[in-house]
Amino acid sequence: MTHRKFFRMKFAALAVLLALPFAPGYAKTLNLAYDADPVSLDIHEQLSGGTLQLSHMVCDPLLRWNQELGFDARLASRWERRSPTSVRFYLRRGVKFHSGRVMTAKDVAFTFARLKKSDDFKGIFAKFREARVINDHTIDLITDGPYPLVEHSAAFIFPLDSAFYAGKDARGRDKGEIVKHGDSFASTNISCTGPFTVRSREQGVKVVFERFDGHWDADSPGNVRRIVMTPIKEDPTRVAALLSGDVDFAAPIPPADLARVDRSRKVDLITMTGTRIITFQLNQKRRPEFADPRVRRAIVHAINNAGIVKKIMKDFGTAAAQQSPKGYAGHDPSLRPRFDLKKARALMKEAGYADGFSVTMMAPNNRYVNDAKIAEAVAGMLAKIKIKVDLTTMPKAQYWPKFDERAADIMMIGWHSDTEDSANFTEFLAMTPDKETGYGQYNSGNYSNAEVDSLVLASASETNPETRAEMLRRVERILHEDAAFVPLHWQDHAWGARKGVHIGRVVSVTNSPYLGDLVMD
Amino acid sequence: MFAFLLRRLGQAVVVMLVISLLSFSIQDELGDPLRELVGQSVSEETREELREEMGLNDPFLAQYMRFLRGALRGDLGVSYFFKRPALDVILDKLPATIDLVLAATFWILLFSVPVGVFAAVNPRHWFSNLAMGLSAVGISVPVFLTAIFLIYLFSVELGWLPSYGRGETTEIFGWETGLLTRDGLRHLLLPSISLASVILPLFVRMIRSEMMEALEAEYVRFARAKGLREGRVRMVHAFKNTLLPVITVGGVQIGIMVAYTILTETVFQWPGMGFMFLEAINRADTPLIVAYLIVVGLIFVIVNTVVDIVYGLVNPAVKLTGKPA
């Protein structure tokens with residue numbers, strides 16, 4: 001090779017290198033703005049939306065929710081129920097961790113054991129006894145009794161690299177330890193199987209993700225090479241960043257800006273009925289009036305929740321008459337919102353409270369979408385049946401201790417079922433409060449109905465889906481009839497993305513976009 | 001001078017002790033930090049265990065003494081959210097805030113003196129009226145409204161400037177700054193203007209009224225009567241005396257500017273310590289809140305000390321030590 005030829009080749013190579021960034025299809029970077037970034041890289045430290053979003057980027061679950069609220073196979077290629085108390089999962093072969101190790105059933109067992117130790121996740125796995133390794137690619141999940149929610153729970157198993165977390169760190173602490181406060185190896189290091197690895201992370205400022213080339217899912221259409229995630233806390237700023245093109249994808253979009261985002265020619269808006277129910281609870285222990293079902297029914301009839309959705313939520317929600325949203329096992333489509341002021345007044349009269357009474361009400365002002373405004377509207381509506389409301393709203397940090405004290409007669413609470421299952425709502429919000437079992441932990445109304453309790457408990461070991469669904473629908477009907485609580489609405493989800501970023505295919509009600517499969521033009 | 005600084009140091013320690021005691025005593029009112037650390041389904045029992053483990057159930061005095069013992073070793077506690085020493089977190093965020101304050105101070109110095117002096121010398125000029133009108137608007141419009149308006153105009157509608165964040169930064173002597181790159185400066189423009197919009201009008205109005213007063217003073221008339229050039233009369237005789245009260249109030253205003261960074265940084269998602277503070281309050285991250293208040297208290301003491309020293313340099317009648325020189 002002559003010297004000149006060599007030089008020419010070098011020049012050509014340089015030219016190609018320089019041109020690469022401009023070639024179509026090369027190195028797609030997604031600039032992403034959520035309202036918060038993950039609190040930790042330890043996916044078992046805190047059960048929150050942010051953690052699950054991270055889990056779906058850096059890890060893969062055994063199986064995951066699809067847009068129809070069914071399950072898609074991920075690291076488990078298939079699974080089958082082998083007995084009332086055991087389900088066998090067949091693991092996909094050749095799945096690699098970011099460390100380069102090949103995943104086996106031992107890693108799944110390690111992850112399962114870690115979930116059982118996590119304060120936040122152990123509740124989901126309370127009914128599970130063990131993860132029994134059959135061979136490298138087969139594992140059985142064994143439950144204490146028959147348990148219908150094995151798949152729902154397996155969607156939370158994102159296998160971690162057991163070798164990566166073995167041993168001690170530089171300070172002599174166990175690498176696999178889950179630490180709630182204070183730092184730990186696992187809270188800043190992660191090795192998982194997901195489509196992305198964490199390149200750099202500055203908490204509260206930005207996280208940079210890089211595509212993992214060894215990812216098992218070669219069929220994924222996803223073409224994003226790099227994700228820069230910036231938390232933007234303020235709603236107007238996040239929307240401005242989206243509209244100005246500073247970010248390609250932003251969520252959530254607040255109700256006040258939905259119309260503006262929808263109108264924009266540069267941006268697509270995707271909304272979906274959510275699964276978080278917003279309710280008020282009427283405390284029967286504090287107020288004897290609320291122990292009378294007629295008074296509770298009068299209150300439900302007096303509240304125009306469809307009006308609240310329209311006026312305050314700008315249609316960014318679905319008026320509710322039960323806890324379970326559409327698609328959940330216990331959803332009963334026959335239950336409709338029942339605003340009827342005349343009937344409400346008649347019920348009050350019947351109960352002997354035609355002249356009304358005074359109550360206290362508390363609500364947070366930075367927890368749910370428009371929470372304080374909703375509380376004000378409800379207080380105004382109750383005035384029409386002569387219930388005078390003394391309303392206090394406060395930031396969530398102050399609100400939760402008040403809620404634990406049951407500090408007001410009427411308290412607001414929103415709930416999303418971690419397992420996307422109907423029974424979860426009732427377990428926490430409507431079952432008889434019991435310190436021992438933990439049921440009714442958020443039932444500030446002290447509503448108690450033995451039939452509801454026994455139905456929900458029975459549903460926990462009913463493995464026939466149809467029988468179980470009917471039990472849960474019955475629960476919803478009883479709660480509706482008893483006016484156990486005041487249902488308002490399910491909060492919608494809204495995502496905005498620059499045109500050409502096809503988020504419609506990767507978002508779902510679980511609100512953890514599957515960014516590994518995202519296609520950008 | 002040395003005695004003066006030493007006395008100031010003593011005062012600073014007292015100020016910070018008082019601040020720490022105050023912020024410690026309100027921590028129960030801030031809410032429950034546990035809620036931000038655990039998911040919704042975690043039982044009351046587990047939360048109680050965690051609270052015990054973190055020492056949140058100890059009596060107030062025990063908690064405060066533990067804090068003081070740590071503080072003596074330079075340890076102000078560990079942030080619940082960041083899981084790192086609170087002081088480290090704040091020092092990480094400090095450069096971003098300093099960038100912002102420096103840039104806003106630049107705008108203030110650039111505009112307040114010429115505009116203020118001009119308005120004082122030509123009170124009936126249309127520009128003076130315009131400047132006074134604008135300054136009234138600037139004082140009364142809240143900073144977050146100004147900020148959102150600027151974002152919508154320059155980022156969303158015109159697309160000229162970035163809408164959030166700090167952009168590219170460079171590190172010099174371990175100090176991470178956005179002042180040295182084009183991208184960093186572009187990101188800095190809107191936040192610094194928003195921040196300046198609150199303080200600049202105050203300075204313009206103050207300089208104008210002090211200057212007008214000075215122009216009426218006997219020594220100015222005398223200077224004119226001596227036949228000095230008008231320019232010299234204004235700048236040397238009148239303006240120099242105008243500066244004295246401006247420096248005093250200005251020092252305090254720079255401290256107040258730190259408070260306004262909380263709002264400005266929040267709107268622009270500026271990764272500084274003001275934004276961090278608001279977030280810490282939302283999360284009831286008490287160690288971080290206490291540490292922030294102490295650091296800000298220290299900044300106030302330092303700024304006031306510097307103002308006193310500068311005051312002494314400008315006005316020879318002031319003796320810092322309080323004794324005849």
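Chain identifiers are assigned alphabetically (A, B, ...) following the order of the sequence lines, protein sequences preceding nucleic acid strands; residue numbering begins at 1 within each chain. Computed over heavy atoms, backbone and side chain alike; hydrogens, waters and symmetry mates excluded.
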**Q** Working to the nearest 0.5 Å, report the span between OG of A:Ser40 and CZ of B:Phe82.
**A**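 Between A:Ser40 OG and B:Phe82 CZ, I get 13.0 Å after rounding to 0.5 Å.
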**Q** Around B:Phe60, counting heavy atoms of other residues, nucleotides and ligands shown, do more than 12 lie under 6.0 Å from its CZ?
**A**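 Yes, CZ of B:Phe60 has more than 12 neighbouring heavy atoms, counting only those of other groups under 6.0 Å.
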**Q** In terms of heavy-atom pairs under 4.5 Å with chain B, which of A:Asp119, A:Leu47, A:Thr51, A:Asn366 leads?
**A**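 Top option by heavy-atom pairs under 4.5 Å: A:Asp119.
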**Q** Would you call A:Asp404 and B:Arg47 a side-chain contact if the rule is heavy atoms closer than 4.5 Å?
**A**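 Contact flag for A:Asp404/B:Arg47 side chains = yes.
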**Q** I need the residue from B:Val156, B:Leu161, B:Leu278 with the largest number of non-hydrogen atom pairs under 4.5 Å to chain A.
**A**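 Among the listed options, the one with the most contacts to chain A is B:Val156.
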**Q** Using 0.5 Å steps for rounding, measure from the NZ atom of B:Lys83 to the CD atom of A:Gln203.
**A** 6.5 Å
**Q** With the side chain counted from C-beta on, respond yes when A:Val39 and B:Tyr80 share a heavy-atom pair under 4.5 Å apart, and no when they do not.
**A**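 Of all side-chain heavy-atom pairs linking B:Tyr80 with A:Val39, none is under 4.5 Å.
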**Q** Select one option (side chain, backbone, both, neither) describing which atoms of A:Tyr442 are under 4.5 Å from chain B's heavy atoms.
**A** side chain
**Q** Of all heavy-atom pairs between A:Ala240 and B:Tyr152, which one has the smallest distance, and what is that distance?
**A** N-OH, 4.2 Å
**Q** Tell me, side chain or backbone of B:Glu279 under 4.5 Å from chain A's heavy atoms, or both, or neither?
**A** side chain
**Q** Could you tell me which of A:Ser184, A:Pro401, A:Gly438 has the largest number of non-hydrogen atom pairs under 4.5 Å with chain B?
**A**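 Of the options given, most contacts go to A:Pro401.
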**Q** Using non-hydrogen atoms only, which part of B:Phe81 is less than 4.5 Å away from chain A: side chain, backbone, both, or neither?
**A** both
**Q** Between A:Asn424 and chain B, with a heavy-atom cut-off of 4.5 Å, which part of the residue counts as in contact: side chain, backbone, both or neither?
**A** neither
**Q** If you count the non-hydrogen atoms of other residues, nucleotides and ligands that lie under 6.0 Å from NZ in A:Lys402, is the total more than 12?
**A** no
**Q** How long is the gap from CZ on B:Phe144 to OG1 on A:Thr237, to the nearest 0.5 Å?
**A** 12.0 Å
**Q** Using non-hydrogen atoms only, which part of B:Thr46 is less than 4.5 Å away from chain A: side chain, backbone, both, or neither?
**A** side chain
**Q** Compare every heavy atom of B:Val42 with every heavy atom of A:Gln441, then report the nearest pair and how far apart it is.
**A** NE2-O, 3.0 Å
**Q** Which atoms of A:Arg367 are under 4.5 Å from chain B, going by heavy atoms: the side chain, the backbone, both sets, or neither?
**A**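 No part of A:Arg367 comes within 4.5 Å of chain B.
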**Q** I'd like to know whether NZ of A:Lys499 has more than 12 heavy-atom contacts from other residues, nucleotides or ligands below 6.0 angstrom.
**A**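 Counting other residues, nucleotides and ligands, NZ of A:Lys499 exceeds 12 neighbours.
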**Q** Counting only non-hydrogen atoms closer than 4.5 Å, does A:Lys206 touch chain B with its backbone (N, CA, C, O), its side chain (CB onward), both, or neither?
**A**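 For A:Lys206, neither part sits under 4.5 Å from chain B.
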**Q** Return yes when atom NZ of A:Lys175 has more than 12 non-hydrogen atoms of other residues, nucleotides or ligands closer than 6.0 Å, and no otherwise.
**A**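 Yes - once you tally the heavy atoms of other residues, nucleotides and ligands closer than 6.0 Å, there are more than 12.
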**Q** Can you tell me which portion of A:Pro395 sits under 4.5 Å from chain B's heavy atoms? Options are side chain, backbone, both or neither.
**A** neither
**Q** Within a reach of under 6.0 Å around OH of B:Tyr260, are more than 12 heavy atoms found that belong to other residues, nucleotides or ligands?
**A**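 No, OH of B:Tyr260 has 12 or fewer neighbouring heavy atoms, counting only those of other groups under 6.0 Å.
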**Q** Kindly compute the distance separating CG (A:Asp246) from CD (B:Gln269), expressed to the nearest 0.5 Å.
**A** 12.5 Å
**Q** Taking 4.5 Å as the heavy-atom cut-off, does anything in residues 228-235 of chain A contact chain B, and if so which residues?
**A**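 So the qualifying residues are A:Thr230, A:Pro231, A:Ile232, A:Lys233, A:Glu234.
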**Q** Among B:Ser163, B:Ala147, B:Gly159, who wins on heavy-atom pairs under 4.5 Å with chain A?
**A** B:Ser163
**Q** Is B:Arg166 in contact with chain A via its backbone, its side chain, both, or neither, using a 4.5 Å heavy-atom distance?
**A** neither
